[in-house]
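Encoded as structure tokens, the structure appears first; notes follow it.
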Amino acid sequence: MRYAQLYVPTRREDPADAEVVSHKLLVRGGYMRMLARGIYSFLPLGWRVLQKIERIIREEMNRAGAQEVLLPSVQPAELWEESGRWSFYGPELLRFKDRKGAAFCYGPTHEEVITDLVRGDVRSYKQLPLNLYQIQAKFRDEIRPRAGLMRGREFIMKDGYSFDVSTEAAHASYEQMRQAYCRTFDRLGLRYRAVEADTGNIGGSLSHEFQVLAHSGEDWVTSCPSCGYAANRELTEVPSSGAPVSAGAEQAASASVETPGQRTVEEVTAFLKVSAQGLVKTVIFCDEADAPFAVLVRGDHEVNEVKVKNLLGGQAVRLARDEEVERLTGAPVGFAGPVGLACPIYADQAVGSILGFVVGGNAKDVHLTGVCHGRDFAVTRWADLRQVEEGDACPRCGATLEFYRGIEVGHIFYLGTKYSKALGASFLDESGASRAMEMGCYGMGVTRIMAAAIEQNHDDDGIVWPVPIAPFEVSLLTIGKVDDALVEAGQALHDGLVERGVEVLWDDREERPAVKFKDTDLVGVPLRLTLGARGLKEGKVEAKWRWSKDVEMIDLASAPEVIAAMILKARS
RNA sequence: CGGGGCGUGGCGCAGUCUGGUAGCGCGCCGGUUUUGGGUACCGGAAGUCGGAGGUUCGAAUCCUCUCGCCCCGACCA
């Protein structure tokens with residue numbers, strides 16, 4: 001491909017509306033342009049990268065036994081009413097009406113459509129298992145799209161769904177997909193972790209996220225260097241600290257102390273001259289029915305809301321509002337405590353191993369010291385409810401966990417029969433009994449992968465693409481005075497590489513060398529070939545990898561073979 | 001939706017407080033020059049100052065309304 005013929009409008013300056021590096025570089029490098037917030041056009045370079053990502057995904061999905069389909073983006077409301085999600089999904093679902101006034105939505109995900117498809121044609125256990133996927137633009141009217149492709153409203157996603165006869169078979173399908181995902185991200189050339197994850201809104205009970213490691217990631221993941229345990233931070237278990245100790249007769253009775261204006265853990269511990277480990281935080285939440293309850297964690301720990309939610313059977317929980325706290329405790333926020341509190345009290349296990357601690361007094365400017373659980377108040381349930389912290393041990397093997405920032409590029413779920421039951425997707429088993437299909441669903445964000453790859457692979461000069469997803473593998477710069485000899489040599493090298501299946505972008509423009517160097521660095525092509533008058537005289541072409549400082553001089557005569565071999569090696 | 005910021009040639013910005021003939025850099029077009037890290041010079045094209053309404057002799061600038069974009073919080077591939 002000749003650069004002069006390619007539509008690559010690069011820019012010198014960062015776009016004013018971009019904050020994150022992938023957004024800036026995708027715009028500057030001529031990969032994409034914004035049409036509306038969270039909605040982007042992909043230019044030739046961007047589309048090439050996306051197609052490369054898609055090809056790898058397709059190959060791995062097909063290899064794992066999944067079959068590609070294409071489902072409609074526009075979906076009738078009735079189907080969503082059947083699953084119960086028409087009212088549940090909220091304003092994120094883009095809804096509209098056709099000319100007859102019938103309600104439709106633009107698909108944010110396709111559980112309904114795929115289940116509807118399968119229920120119509122699959123009747124027998126002999127037709128299962130079935131694993132179908134598609135790659136397509138989704139639309140989610142996000143509250144706050146941001147960071148370019150990292151959270152767009154329209155985005156390209158690979159979504160897949162499996163249908164099985166039993167839980168065991170569904171788990172096998174799930175495992176197959178988990179492995180296919182690992183192979184996919186390996187091939188994409190990304191550093192990532194597959195981590196245990198919360199199942200969120202989609203439901204189900206088994207789930208992994210695939211997190212590309214990058215400093216700019218929004219998620220925290222933990223990973224054990226010793227046994228391989230890895231989880232989203234919000235799901236990372238804290239090792240059990242044993243049964244709660246109980247207060248003996250020697251324990252001094254609790255006492256009330258004046259703590260005027262001291263609300264936070266820092267203020268109270270400093271005021272009373274106790275350590276944060278000697279204080280217990282009482283955090284008031286409300287459940288789905290707006291009924292309040294208290295969560296107790298040690299002063300130096302943080303409550304993990306996901307763990308609290310899961311303790312209550314997965315129902316939505318929220319922090320109580322100030323007036324709700326005041327109504328329950330009879331005191332302003334900052335003085336809540338478990339003693340005499342008329343609501344369920346859930347305590348983190350770490351609270352069980354301390355006695356004689358400080359808590360709020362449920363009265364303005366009052367705290368209690370020397371408080372003991374069991375004696376001074378009853379704990380409704382003990383559980384692991386706190387957030388893991390750096391330095392915490394692996395829940396499986398006890399080694400110290402590592403913490404990383406991650407970008408979620410894939411998420412797989414075991415769904416069970418949630419959708420098959422709601423939509424009546426059933427089959428007849430060997431005994432002739434009708435049973436609901438066991439489902440799994442598997443998402444992968446194609447456009448987000450492109451952004452995440454850049455977040456992970458860039459420098460001050462631009463993008464540094466992993467070879468498997470680079471828009472071109474080689475950029476050939478012919479520099480110096482444009483004359484017949486140079487053009488001829490450039491053409492020969494270009495053609496020789498193309499014949500050998502190498503993707504070459506030949507910068508044949510009449511530009512100064514510096515301009516070409518800047519552009520190829522910005523665009524991020526992995527291997528740069530520089531052919532100038534000097535080299536031409538000596539019969540050499542210079543080769544340099546984008547991520548390296550070293551240059552190599554290659555004989556022009558053998559250059560096509562040598563360079564094709566270099567690229568072949570770099571592809572895997 | 002709440003809080004903060006911003007809309008001025010294609011891009012990045014100044015001008016707005018204190019109303020008075022629309023400016024700079026980059027890019028673009030023509031020419032000369034230069035040719036290993038965005039070269040230099042000359043000449044040129046290009047803007048209803050986001051939109052609507054108002055105040056005024058006069059509005060990019062003041063007032064009202066409105067649309068769009070970015071950042072911070074509740075979401076997720």
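In what follows, every chain begins at residue 1, and chains take the letters A, B, ... in the order their sequences are listed.
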Atom-to-atom span, [atom1] of [X] to [atom2] of [N] - whole angstrom:
{"X": "A:E305", "N": "B:C75", "atom1": "CD", "atom2": "P", "value": "9 Å"}
{"X": "A:Y133", "N": "B:A77", "atom1": "OH", "atom2": "C1'", "value": "17 Å"}
{"X": "A:K24", "N": "B:G12", "atom1": "NZ", "atom2": "P", "value": "13 Å"}
{"X": "A:L50", "N": "B:A77", "atom1": "CG", "atom2": "C1'", "value": "14 Å"}
{"X": "A:Y106", "N": "B:A77", "atom1": "OH", "atom2": "C1'", "value": "15 Å"}
{"X": "A:E510", "N": "B:U33", "atom1": "CD", "atom2": "P", "value": "13 Å"}
{"X": "A:E542", "N": "B:G36", "atom1": "CD", "atom2": "C1'", "value": "8 Å"}
{"X": "A:I479", "N": "B:U39", "atom1": "CD1", "atom2": "P", "value": "15 Å"}

Have A:Q456 and A:H215 got a donor and an acceptor in their side chains that come within less than 3.5 Å?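 No, no side-chain donor-acceptor contact under 3.5 Å.
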Shorter than 3.5 Å, N or O on both sides, protein versus nucleotides 66-69 of chain B: list them out with atom names.
unit_1, atom_1, unit_2, atom_2, d
B:C69, OP1, A:R37, N, 2.9

Whole-Å [atom1] distance, [N] and [M]:
{"N": "B:A59", "M": "B:U8", "atom1": "C1'", "answer": "14 Å"}
{"N": "B:U61", "M": "B:G7", "atom1": "P", "answer": "13 Å"}
{"N": "B:G38", "M": "B:C71", "atom1": "P", "answer": "32 Å"}
{"N": "B:A40", "M": "B:G53", "atom1": "P", "answer": "46 Å"}
{"N": "B:G9", "M": "B:G44", "atom1": "C1'", "answer": "14 Å"}
{"N": "B:C57", "M": "B:C62", "atom1": "C1'", "answer": "16 Å"}
{"N": "B:A14", "M": "B:C6", "atom1": "C1'", "answer": "15 Å"}

So what's [N] paired with, Watson-Crick or G-U wobble, going by both distances under 3.5 Å?
{"N": "B:G38", "result": "none"}
{"N": "B:C28", "result": "B:G44"}
{"N": "B:G7", "result": "B:C67"}
{"N": "B:C62", "result": "B:G54"}

Does the side-chain ring of A:F155 sit on the six-membered ring of the B:A77 base, less than 5.5 Å centre to centre and under 30° in tilt?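 Yes, A:F155 stacks on the base of B:A77.
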Nearest-neighbour nucleotide for the A:E92 side chain, B:C76, B:C75, B:G37 considered: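 Nucleotide nearest to A:E92's side chain: B:C75.
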Has A:R146 got a side-chain N or O lying under 4.0 Å from the OP1 or OP2 atom of B:C71?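 For A:R146, the contact criterion (side-chain N or O under 4.0 Å from OP1 or OP2 of B:C71) is not met.
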Please state whether the phosphate of B:C75, meaning OP1 or OP2, lies under 4.0 angstrom from any side-chain nitrogen or oxygen of A:R144.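 Answer no for this pair, as no side-chain N or O of A:R144 is under 4.0 Å from OP1 or OP2.
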Sugar-phosphate, base or nothing in reach of [X], heavy atoms under 4.0 Å:
{"X": "A:R33", "result": "nothing"}
{"X": "A:V409", "result": "sugar-phosphate"}
{"X": "A:A147", "result": "sugar-phosphate"}

Check nucleotides 4-11 of chain B against the protein and report each pair of N or O atoms closer than 3.5 Å, with its distance, or say if there are none.
none

Give me the one residue out of A:R386, A:R233, A:K281, A:K307 that meets salt bridge (charged side-chain N to carboxylate O under 4.0 Å, His left out) with A:E302.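 Only one of A:R386, A:R233, A:K281, A:K307 forms a salt bridge (charged side-chain N to carboxylate O under 4.0 Å, His left out) with A:E302, namely A:K281.
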side-chain hydrogen bond (donor to acceptor under 3.5 Å, both in side chains), that's the test. Do A:N131 and A:Q67 meet it? Break it down for me. CA-CA 6 Å; A:N131 191 328; A:Q67 301 173 60; over 6 Å; no
Reading RNA chain B from 5' onward, which residue's closest nucleotide shows up sooner: A:E218 or A:R534?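 On the 5' side of the pair lies A:R534.
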